[in-house]
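Residue numbering restarts at 1 for every chain, and letters A, B, ... go by the order of the sequence lines.
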2 protein chains.
Amino acid sequence: MTKRGDSKNRTEEGRRILLGHIKGKGLRWTKQRDAVLAAFLKANAHLSAEELYGLARKCCPDVGFATVYRCMNLFVEAGIAKERRFNDERVRYEPNVMAEHHDHLICLKCGVISEFEDERIEKLQELIASAKGFKVKHHRMELYGLCNKCDDS
Amino acid sequence: MTKRGDSKNRTEEGRRILLGHIKGKGLRWTKQRDAVLAAFLKANAHLSAEELYGLARKCCPDVGFATVYRCMNLFVEAGIAKERRFNDERVRYEPNVMAEHHDHLICLKCGVISEFEDERIEKLQELIASAKGFKVKHHRMELYGLCNKCDDS
DNA sequence: CTTACTGCAAAATCTTTGCATACAC
DNA sequence: GTGTATGCAAAGATTTTGCAGTAAG
């Protein structure tokens, strides 16, 4: 069992949080939202809107592109998704359920995205920022390079 | 005098490098390229294509938008400019002449972009990456927060 | 029944490209 | 002269929005 919890737990927790957000705001639960949510949480990856559109349509063919975007914006608002943009490409969405803060390693060849967390980095950032009179709210740290597999070949 | 050299030196060096690149490839030196280059190097900031367009037109009114983009792509190719995209906004260009590697602090309120360099960060990155079997090629580290001025108000 | 949600297509935004003309070399 | 560079407008790519119909509560 990973730090993040298994896929089943995450999916249940994600649905619970989203339902709370929806009820609290007088919004509605629809089969499209369910399809996009399921695709999003099951994958546990950094998917683009296009990829989510493809996945969601597998179980609910009448999902439109706009709905995927509207869903993802809703999920971000509800706190269960985070937007990421690596390598200046399109936005990708990352599940934010039962997840700790982390940064990313991106393989330039195969595109695999790996996550890491390092307390020393967090502390150094505070140090550097305060030396410049900045108060850090959030940060972004991405390491681009070659993963084990791609470096060999 | 800063680490980066003063604006005059940087401009001369940038022009020298670009001219070398242009001659080497059989390209041509035009007044538009000169105008965009001058605007870009004089500002020494993180400007968008739109901002560069505005500046370049001041001394050369017949510069088009497409030319600004074409120029900036050429400058990146020649190695005198770097593309940056903060906060998922549009691309901004940063002079890369007589400049050391550095990372950025971005104020969320006033948008000011400050640069910093820290050897400890670089070393930690290598450490973290190699623990994951990654070989780092480049990285991106951005701290978002409030600068001195904006935190007070 | 009320009004939020949807799909579609059109718009917005940023960047690149095609084309005929202008101009370095 | 030859071929690169330019401006313009049109096309691309990604994301958002307007609208009339659909459906959740």
Task: Rounded distance in Å - CD (A:E89) to P (C:dT15) - done: 15 Å
- [ ] Look at A:Y69 and D:dT16 and indicate whether a side-chain polar atom (N or O) is within less than 4.0 Å of OP1 or OP2.
- [x] no
Open item on the list: Measure CD1/A:I22 against P/D:dA24 and give the value in whole Å, please.
Closed with: 13 Å
Open item on the list: Just the rounded figure in Å: distance from P of D:dT14 to CG of A:N73.
Closed with: 16 Å
Open item on the list: As a test of reading the structure: which of D:dA5, C:dT6, D:dT15 is closest to the side chain of A:V91, going by heavy atoms?
Closed with: D:dT15
Task: A:V97-A:W29 co-clustered via ILVMFWY side chain contacts under 4.5 Å - done: yes
Open item on the list: What verdict does the side chain to side chain donor-acceptor pair (under 3.5 Å) test give for A:E94 and A:H46, after you've listed the backbone C-alpha separation in whole Å, the side-chain angles of each residue and the deciding distance to 0.1 Å?
Closed with: CA-CA 5 Å; A:E94 164 185 295; A:H46 296 81; 2.6 Å; yes
- [ ] Send over the distance from A:R28 CZ to C:dT2 C1', rounded to a whole Å.
- [x] 7 Å
Task: Integer-rounded Å distance: D:dG3 C1' and B:K25 NZ - done: 17 Å
Task: Whole-Å gap separating P (D:dT15) and CZ (A:R85) - done: 6 Å
Task: Atom pair distance, as rounded to whole Å: CZ in B:F65 and P in C:dT15 - done: 9 Å
TODO: For B:R70, report the nucleic acid contact type (base, sugar-phosphate, nothing); a contact means any heavy atom under 4.0 Å.
DONE: base
TODO: Could you state the atom-to-atom distance from NZ of A:K23 to P of D:dA24 in whole Å?
DONE: 15 Å
Task: Residue whose closest nucleotide on DNA chain C lies nearer the 5' end, B:K31 versus B:E50 - done: B:E50
- [ ] Select from A:A49 and B:Q32 the residue whose nearest nucleotide in DNA chain D is closer to the 5' end of that strand.
- [x] B:Q32
Task: Sidechain N-carboxylate O distance under 4.0 Å for A:R84, A:E142 - done: no
Open item on the list: Between the side chains of B:R15 and B:D34, is the shortest nitrogen-to-carboxylate-oxygen separation below 4.0 Å, so that they form an ion pair?
Closed with: yes
Open item on the list: Side chain of B:A66 only, heavy atoms from C-beta on: which candidate in D:dA9, D:dT4, D:dT16 is closest?
Closed with: D:dA9
- [ ] Report yes if at least one side-chain N or O of A:T30 is closer than 4.0 Å to OP1 or OP2 of C:dA4; otherwise report no.
- [x] no
Task: For B:L146, the rest of its hydrophobic cluster, which grows through side-chain links under 4.5 angstrom - done: none
Task: Contact under 4.0 Å: A:R90 side-chain N or O vs D:dT14 OP1/OP2 - done: yes
Task: Which nucleotide in D:dA5, D:dT15, C:dC5 has an atom nearest any side-chain atom of B:L27 - done: D:dA5
